[in-house]
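Report on the structure given below.
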Amino acid sequence: MLLESTEKNMSNETLITGKKAENAIKESLFLFTLYICVTIAILTLMTLIYDVLSTGTTRLTSDYEVGLITKIQIDNPVDFLTTLDSRYPDRAGIGPAFAGTVWLMIIVVSVTFPFGTGAAIYLQEFAPKNRLTRFIELNLTNLAGVPSVIYGLLGLAVFVRLAGFGRSVLSGGLTLTLLILPVVIVASREALKAVPDTIRQGALALGATKFQAVFRQVVPSAIPGMVTGMVLGLSRAIGETAPLIFMGALTYVNYFPDTPLSGFTAIPIQVYNWIGYPQAEWKETASAGIILLLGLLLIMNSLAIFIRNRYEKDL
Amino acid sequence: METKETVQVNNESVFNVTDLSVSYGDFVAIKNVNMDITKNKITAFIGPSGCGKSTLIRTFNRMNDLILGAKVNGTITYQGVDLYDKMVDPVQVRRRIGMVFQKPNPFPKTIKENITFGLKVNNMTDNIDDRVEKALTQAALWDEVKDDLDKNALELSGGQQQRLCIARTIAVEPDTILMDEPCSALDPVATKKIEDLMQELVKEFSILIVTHNMQQASRSSDYCAFFTTKTSDDGKRRTGELVEFNETSVMFTTPDKELTEQYISGRFG
Ligand SMILES: Nc1ncnc2c1ncn2[C@@H]1O[C@H](COP(=O)(O)OP(=O)(O)OP(=O)(O)O)[C@@H](O)[C@H]1O
Ligand SMILES: [Mg+2]
């Protein structure tokens, strides 16, 4: 009894040391630094968005009165999306570039999804765990970090020249596919890895074949994660300019691509061109293009978040 | 299944295990196992942690095939067929010899889909609703879930999940059920339910169960195998061995081996 009570007293003394106040100062200082960092990042982003919005929206609303020749002036978002480029900033639409980006997205998704998920499923579920597999895994992670211009050069060599697709939207789409394939494979593998082994064992113990266990239990559980990876990869692809320019995408295209072998331009390339012109009005047109690109990215990232949240709720 | 009655009278054995050993890489986890498992009886495996009970029970439906580096030596015959014969398809083995795991592992789907998955992969899609109801009834779960078969199975309690796992196992009509500590994640009430369930199921199936619970082994099993670990000569590795295999009533009153007695009475292990 005696021993117990002295122990208690001792612990009480160590309780009241004044250390709490000291720690609190340290902690709040640290938190403060973190807040500063976050604020700087957010402020930069906000300034950027504000700048683009304030310049670009005038271009997309009806009380735009600047241009000299205002006969077929484009002053609303729908026209902006569907009209051809022009020599006059107030008449220039982003039509061909928008169509080019849509083409690219279609090609990228239809090639990346089967190949990306296929490769991930094979590597994660079926590949023998040997040196070759480990070598491939290591290189996939490395490939995800290769600068995007390198993929442009590869696209030029392989799709434009070797395969003979020319500087077409197909070559562009395939180049962007190569660019995001490693990212998509890695993300899909993570999604498969997150499916607990007990699910596989449970399926096999019921007399399912390996194939049935993987395709009826494991993959369906991983699909939301795979789709999220796909969407994030795609949103990276549509923002890329460098690989397309290196691959030789035409910079001035004033027609809508109608086959996969058509020449094309894409939103970021178009914006890049407009910004290069000396007249101040082009800046507004370019900003309108940026707003469009930002909007697309926002939609896709929201989609990814939406899918992920729904999936978490299901579990 | 028609020959059930005669089988019970005959005390026919369903598995014959001869000189079985299992190793992971060059580590021998369990060796020198010889036993005959009787049909339509409950056989319990007991022994201290790490003596290879899970390793052994996995050899009965070739789940060890899935573990990298696991190697089985010796023979296990199932109804006279060598389970590890080259011509034997492990998928067919697992279809006949079901397994319930230590941790409930329902698929993250509806209750009904948990049962129909096994039925579908085994082409048992006729009368699917009847089969679902029968399996859930046999697993003593039907009354609790009959109104929400489309509810996600992960919303069930742990005990209900485990009974669902038993239900999906018996739905594909195996003739043996392997259970690796099926009650270790459950409270006494849920445990009691599963023990009662085993007594019902054993009329139709042969049951092998690993348990750490001596009362469970003595209450609910007909035969009991006691394993322990022997330390290798260099003192580094511990290999599991079968110490005694006996009728449960004998094992828990007058065991043949001193070691068994010590373990059961809690003086060892
Ligand atoms: N996948 C594995 N790879 C390598 N060694 C393993 C593997 N699984 C089990 N072992 C080893 O085999 C031995 C027996 O393990 P096992 O899981 O069969 O024991 P157990 O009797 O089931 O124990 P417990 O009562 O704790 O479940 C242990 O030494 C363990 O470390
Ligand atoms: Mg175990």
Side-chain angles (χ1 to χ4, degrees), chain A residues 117 121-137 188-229 306-315, chain B residues 54 57-58 60-69 89-110 113-124 135 152-155 161-162 164-174 176-180:
Chain A
T117 50
I121 292 169
Y122 174 75
L123 283 175
Q124 190 61 35
E125 304 290 335
F126 294 102
K129 301 274 172 283
N130 57 21
R131 275 202 196 161
L132 180 67
T133 314
R134 268 199 302 273
F135 180 73
I136 293 173
E137 282 167 4
S188 300
R189 287 194 63 188
E190 290 304 322
L192 290 168
K193 234 184 258 179
V195 178
D197 247 353
T198 54
I199 299 286
R200 295 176 183 82
Q201 288 165 4
L204 292 169
L206 287 171
T209 60
K210 176 95 192 241
F211 201 80
Q212 287 168 328
V214 169
F215 283 95
R216 299 210 196 163
Q217 292 296 345
V218 180
V219 172
S221 301
I223 279 282
M226 289 173 151
V227 172
T228 310
F306 173 75
I307 295 171
R308 203 171 47 215
N309 285 354
R310 250 198 78 151
Y311 167 63
E312 270 164 12
K313 231 180 278 156
D314 274 2
L315 273 186
Chain B
S54 301
I57 202 168
R58 283 197 297 262
F60 287 92
N61 68 341
R62 296 196 51 174
M63 284 305 272
N64 274 338
D65 291 16
L66 311 173
I67 297 171
L68 214 67
D89 177 7
V91 173
Q92 287 305 317
V93 171
R94 294 183 202 123
R95 187 213 169 297
R96 301 230 205 144
I97 305 166
M99 184 161 205
V100 177
F101 298 83
Q102 176 167 0
K103 242 183 92 207
N105 60 344
F107 303 125
K109 302 198 165 169
T110 66
E113 282 170 326
N114 263 276
I115 312 244
T116 54
F117 174 73
L119 295 174
K120 281 180 190 156
V121 299
N122 288 298
N123 299 321
M124 299 165 75
N152 193 316
L154 297 178
E155 289 170 30
Q161 287 186 10
Q162 194 63 303
L164 178 62
C165 291
I166 294 175
R168 78 179 180 196
T169 304
I170 55 188
V172 300
E173 296 174 0
T176 302
I177 304 176
L178 311 173
M179 299 175 148
D180 190 353

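- Residue Phe306(A) places its CZ atom among 12 or fewer non-hydrogen atoms of other residues, nucleotides or ligands, all under 6.0 Å distant.
- Looking at Pro106(B), only its backbone comes within 4.5 Å of chain A, counting heavy atoms on both sides.
- Within the 4.5 Å cutoff, side-chain heavy atoms of Arg168(B) are placed close to those of Leu206(A).
- Contacts of Arg62(B) with chain A are absent, with no heavy-atom separation under 4.5 Å from either backbone or side chain.
- If you measure heavy-atom distances from Ser221(A) to chain B, the contacts under 4.5 Å come from the side chain alone.
- Distance check: Asp65(B) CG to Lys210(A) NZ gives 11.5 Å after rounding to the nearest 0.5 Å.
- Within 6.0 Å of the CZ atom in Phe211(A), the count of heavy atoms belonging to other residues, nucleotides or ligands does not exceed 12.
- Going from atom CD of Gln217(A) over to atom CZ of Phe117(B) covers 4.5 Å, rounded to the nearest 0.5 Å.
- Considering OG1 of Thr198(A) and NZ of Lys103(B), their distance stands at 6.0 Å, rounded to 0.5 Å.
- Under the side chain to side chain contact (heavy atoms under 4.5 Å, CB included) test applied with Leu204(A), the options Val91(B), Leu66(B), Asn61(B) reduce to a single match, Leu66(B).
- Shortest non-hydrogen contact noted between Lys109(B) and Arg216(A) is NZ-O, 3.0 Å.
- Heavy-atom minimum distance, Ala205(A) versus Met63(B): CB-CE, 4.2 Å.
- Taking both residues in full, the closest heavy atoms of Ile199(A) and Phe107(B) are given as O-CE2, 3.6 Å, listed atom of the first, atom of the second, then distance.
- A 6.0 Å sphere centred on CG of Leu132(A) holds more than 12 heavy atoms belonging to other residues, nucleotides or ligands.
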